[in-house]
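First up is the structure itself, then whatever we jot down about it.
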Amino acid sequence: MKVKIISLLQNEKSEIRKAAEGHRESQKGIYERYAPGMLALCQRYVKDAHYAEDVMIDGFVKVFRSLAEFRSQGSFEGWIRKIMVREAIDFLRKRPFVVYDETRMEDPVTESPSSDPYQLEALEQLIEALPEGYRLVFTLYAVEGYKHSEIAELLAISESTSKSQLYKARKLLQKQINESRIPRYGTR
Amino acid sequence: MAPVEFEKELQKRIRSREVKPRADSWDRIEARLDAEAPAVKRGSVKWKVLAAACVVALLGYFLLQEPSVKIPQTDGVVERPEADKPDLLNKGEQKTDFEVFKSDLPAGVASAQPTDEVEADKRATEKQTAPLVAKNKSEPVKQVDLADQTLEVFPTDVQEEFKSATPDLIAAADDEESKDGLRDSEVDALLTQAMQVADNKGIPTDTVTVNPARLLGEVESELDESFREKVLKKLKTGYNKVRTAVADRSE
């Protein structure tokens with residue numbers, strides 16, 4: 001198993017090196033491997049499917065243009081994801097429809113939803129239905145794993161704003177779960 | 001605010017989601033990459049051309065700089081190269097040439113030559129003496145003119161000094177001529193006197209052939225030679241003085 005993983009990593013390194021040198025087939029191989037996941041990522045930030053695809057294409061052009069800068073210190077997928085997230089955020093910055101609610105934070109959420117697969121699917125739909133500002137911060141924090149300081153820098157907001165957005169996103173999700181009566185774990 | 005449990009599951013689930021892109025997505029990326037690649041090449045060619053132009057410009061600049069050696073400026077006195085100087089020393093050399101020319105003349109050869117060659121010598125003397133006399137008469141004036149032209153390169157006060165000295169030199173030469181030289185009438189009188197002495201002593205005059213024109217030419221050439229020598233010597237001395245004065249002044 002370990003040998004197989006090492007072999008795969010070596011193949012990926014070789015492909016990355018070739019792609020960095022401009023080898024078109026290697027670039028296409030990288031694209032075909034990562035494009036579906038990156039398009040899903042872009043769609044989490046940019047709801048419109050066409051715009052999301054434009055963002056993904058711009059992101060891949062940047063990836064291939066700056067492949068020589070990749071130092072193989074972290075995961076290649078993580079490096080591509082960061083480029084895609086930045087590209088999506090830049091796209092959203094150019095469109096002033098993201099509004100961050102600056103109202104004061106209330107009590108923290110105490111109840112957490114279940115991790116049931118059915119509930120999770122329903123939760124995804126609820127997340128997509130969140131207001132833009134909430135959704136952005138929630139996705140960056142809960143899905144991509146960014147810290148509040150990083151989110152603040154990415155979105156050009158303060159850290160407290162990032163925290164309040166996350167709190168409100170969670171509270172709204174909880175309210176919607178309660179209202180939509182998503183079945184709790186073990187009740188179905 | 002600790003991350004709630006469901007968010008971890010949500011993260012796994014959401015990150016594993018995939019959406020198949022449209023078929024032409026890769027074509028669009030490839031087109032963008034192809035469009036950028038020639039632009040990079042054009043840019044590199046531009047830089048190469050620019051670098052080459054800079055190198056050529058620098059080479060041209062340095063090549064043009066080399067010949068432009070600064071000539072040290074003098075205070076109003078322009079020194080001409082020795083070859084270009086129409087100085088009076090060169091006239092001295094001309095004199096030397098002239099002397100060589102004169103030494104070839106048969107003027108002083110009359111006594112050494114046999115009698116049968118006297119007529120040929122007479123013709124040669126007549127041919128060469130006439131232009132020689134004319135040349136001797138005109139040359140001092142010509143030399144003064146040339147000296148005037150030469151003096152144009154000197155400051156005005158030096159020119160004035162030289163011009164004031166020249167007539168004195170000529171006058172001195174004329175005095176020498178009048179002192180040492182013989183006039184035609186005197187020569188004729190001497191010849192007549194000699195003829196009379198010969199008649200009185202009974203010396204047959206038919207045996208001695210005397211050519212007055214030849215004698216006259218010989219005397220004149222001797223006079224002319226001394227005159228020229230003196231004038232040119234004076235001029236040379238004067239020129240050397242002027243030259244030394246100018247050199248001292250420019251220092």
Side-chain angles (χ1 to χ4, degrees), chain A residues 19 22 24 27-28 31-32 34-44 49-50 52-54 56-65 77 81 105 108-117 119-121 123-124 127-128 138-139 141-145 148 163-164 166-167 170 173-174 177 185, chain B residues 1-70:
Chain A
R24 198 62 85 219
Q27 289 175 343
K28 192 177 181 183
Y31 165 79
E32 284 174 348
Y34 295 109
M38 297 307 135
L39 183 57
L41 180 151
C42 291
Q43 283 184 358
R44 284 197 290 276
H50 290 95
E53 197 155 332
D54 288 346
M56 181 201 70
I57 287 167
D58 289 345
F60 268 111
V61 170
K62 279 192 180 176
V63 164
F64 293 132
R65 203 189 291 163
E77 188 183 353
R81 289 182 79 89
M105 266 198 292
V109 177
T110 51
E111 190 181 0
S112 61
S114 165
S115 59
D116 182 82
Q119 287 181 16
L120 286 173
E121 199 172 319
L123 268 173
E124 278 182 53
I127 290 165
E128 283 180 17
F138 184 83
T139 308
Y141 185 89
V143 180
E144 303 298 337
H148 283 297
K163 285 175 184 172
S164 70
L166 180 65
Y167 170 80
R170 281 173 172 167
L173 276 174
Q174 188 177 14
I177 288 166
Y185 182 72
Chain B
M1 195 192 300
V4 286
E5 187 64 25
F6 91 99
E7 284 176 4
K8 289 181 181 175
E9 292 297 323
L10 190 71
Q11 187 181 37
K12 283 182 189 171
R13 188 181 175 88
I14 287 178
R15 286 182 77 147
S16 63
R17 270 187 65 189
E18 290 186 344
V19 179
K20 197 179 176 185
R22 286 189 295 184
D24 65 336
S25 290
W26 169 247
D27 294 336
R28 288 169 67 189
I29 292 169
E30 198 173 21
R32 291 268 299 275
L33 293 172
D34 287 339
E36 284 177 6
V40 171
K41 281 180 186 173
R42 276 196 299 272
S44 66
V45 169
K46 268 185 187 176
W47 281 111
K48 282 176 185 172
V49 168
L50 192 65
C54 287
V55 168
V56 168
L58 283 171
L59 280 175
Y61 175 75
F62 285 118
L63 286 174
L64 288 172
Q65 284 291 313
E66 277 184 6
S68 63
V69 178
K70 285 188 177 178

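Note that this is a predicted model, so its numbers are computed, not measured.
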**Request:** For the residue pair Arg15(B) and Arg81(A), establish whether any side-chain heavy-atom pair is separated by less than 4.5 Å.
**Result:** yes
**Message:** For Phe64(A) and Trp26(B), take the angle between the two ring planes, folded into 0 to 90°, and tell me which bin it lands in: parallel under 30, tilted 30 to 60, perpendicular over 60.
**Reply:** perpendicular
**Message:** Closer than 4.0 angstrom, basic N to acidic O: yes or no for Glu32(A) and Lys20(B)?
**Reply:** no
**Prompt:** Which atom names give the shortest non-hydrogen contact between Glu144(A) and Gln11(B), and what distance separates them?
**Reply:** C-NE2, 4.2 Å
**Prompt:** Is any side-chain heavy atom of Ser25(B) less than 4.5 Å from a side-chain heavy atom of Phe60(A)?
**Reply:** no
**Message:** Under the criterion side chain to side chain contact (heavy atoms under 4.5 Å, CB included), I'd like the reasoning laid out for Lys28(A) against Ile29(B): C-alpha separation, chi angles, the key distance, then a yes or no.
**Reply:** CA-CA 9 Å; Lys28(A) 192 177 181 183; Ile29(B) 292 169; over 6 Å; no
**Asked** Under the criterion side-chain contact (heavy atoms from CB on, under 4.5 Å), which of Leu41(A), Ile127(A), Thr139(A) is the partner of Ile14(B)?
**Response** Ile127(A)
**Check: Leu33(B) and Arg24(A) side chains under 4.5 Å, non-hydrogen atoms** = yes
**Message:** Please classify the contact of Gln43(A) with chain B as side chain, backbone, both or neither, using a heavy-atom distance under 4.5 Å.
**Reply:** side chain
**Message:** Quick check: do His50(A) and Arg22(B) have side-chain heavy atoms less than 4.5 Å from each other?
**Reply:** yes
**Item:** Nearest heavy-atom neighbours spanning Leu39(A) and Pro21(B)
**Value:** CD2-CA, 3.5 Å
**Request:** Output the option from Ala40(A), Pro36(A), Gly22(A) having the highest count of non-hydrogen pairs under 4.5 Å with chain B.
**Result:** Pro36(A)
**Fill in**
Bottom line for Met56(A): the part with an atom under 4.5 Å from chain B's heavy atoms is side chain
**Complete:** If one checks every heavy atom of Ile57(A) against chain B at 4.5 Å, the contacting part turns out to be both
